[in-house]
Amino acid sequence: MTIQRTLSIIKPDATRRNLTGKINARFEENGLRIIAQKRIHMSLKQAEGFYAVHSERAFFSDLCEFMCSGPVVVQVLEGDNAVATNRTIMGATNPANADEGTIRKDFGESIEANSVHGSDSTENAATEIGFFFSQTELVG
Ligand code: IDP
Ligand code: MG
């Protein structure tokens, strides 16, 4: 057992379709515990800061605009191997390539509007969790 924490975001395409509960059920059914959660409307500055690693990518400005197009739910998931476990639950970036039964396969609309974000390493998870949450907001 390696208990980890990872940052998850339920993206605007999913909150718009009222899918927060259905997506959260996927995490809980797969052994991840939501130990912090808040619904926010990101500013463009926040989105640009969060996705700074992608600032050179062609899709960067569209992505940041999309992430500000409606409310998101930012959350911290905890569980065994949480970073990789969540990536498996989420599925591939492009819903068209995602495995059956994954969140992105079942709910994603497009490669951009793919319903969820999940950290891709424990190092990035720590940075991303710190971007949205203080230590006292994490209740394990
Ligand atoms: P990930 O979310 O699966 O880790 P990343 O490559 O880190 O994928 O990309 C971050 C986000 O940028 C994706 O979740 C998606 O919303 C968006 N994105 C990635 N590739 C493309 C693309 O080719 N066109 C438009 N948006 C993209
Ligand atoms: Mg990524």
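Read the numbers this way: they start at 1 and go in the same order the structure lists the ligands and their atoms.
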Side-chain donor-acceptor contacts of residues 52-65 below 3.5 Å, not counting sequence neighbours, with atom names and distances?
residue : atom : partner : partner atom : Å
H54     : ND1  : R57     : NH1          : 3.2
S55     : OG   : A52     : O            : 3.1

List the atom pairs, donor and acceptor, that lie under 3.5 Å between side-chain atoms in residues 29-37 and the rest of the protein, sequence neighbours left out.
residue : atom : partner : partner atom : Å
N30     : ND2  : R26     : O            : 2.6
Q37     : OE1  : N24     : ND2          : 3.0
Q37     : OE1  : Q75     : NE2          : 2.6

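K45 forms no cation-pi arrangement with F50, by the criterion of a distance under 6.0 Å to the ring centre and an angle within 45° of the ring axis.
When side chains are defined from C-beta on, V72 does not count as touching H41, because their heavy atoms never get closer than 4.5 Å. Between N114 and E109 there is no side-chain heavy-atom pair separated by less than 4.5 Å.
For a heavy-atom separation below 4.0 Å, the residues in contact with ligand 1 are K11, H54, F59, L63, R87, T93, R104, I111, E112, N114.
Residues passing the salt bridge (charged side-chain N to carboxylate O under 4.0 Å, His left out) test with E48: none are found, sequence neighbours excluded.
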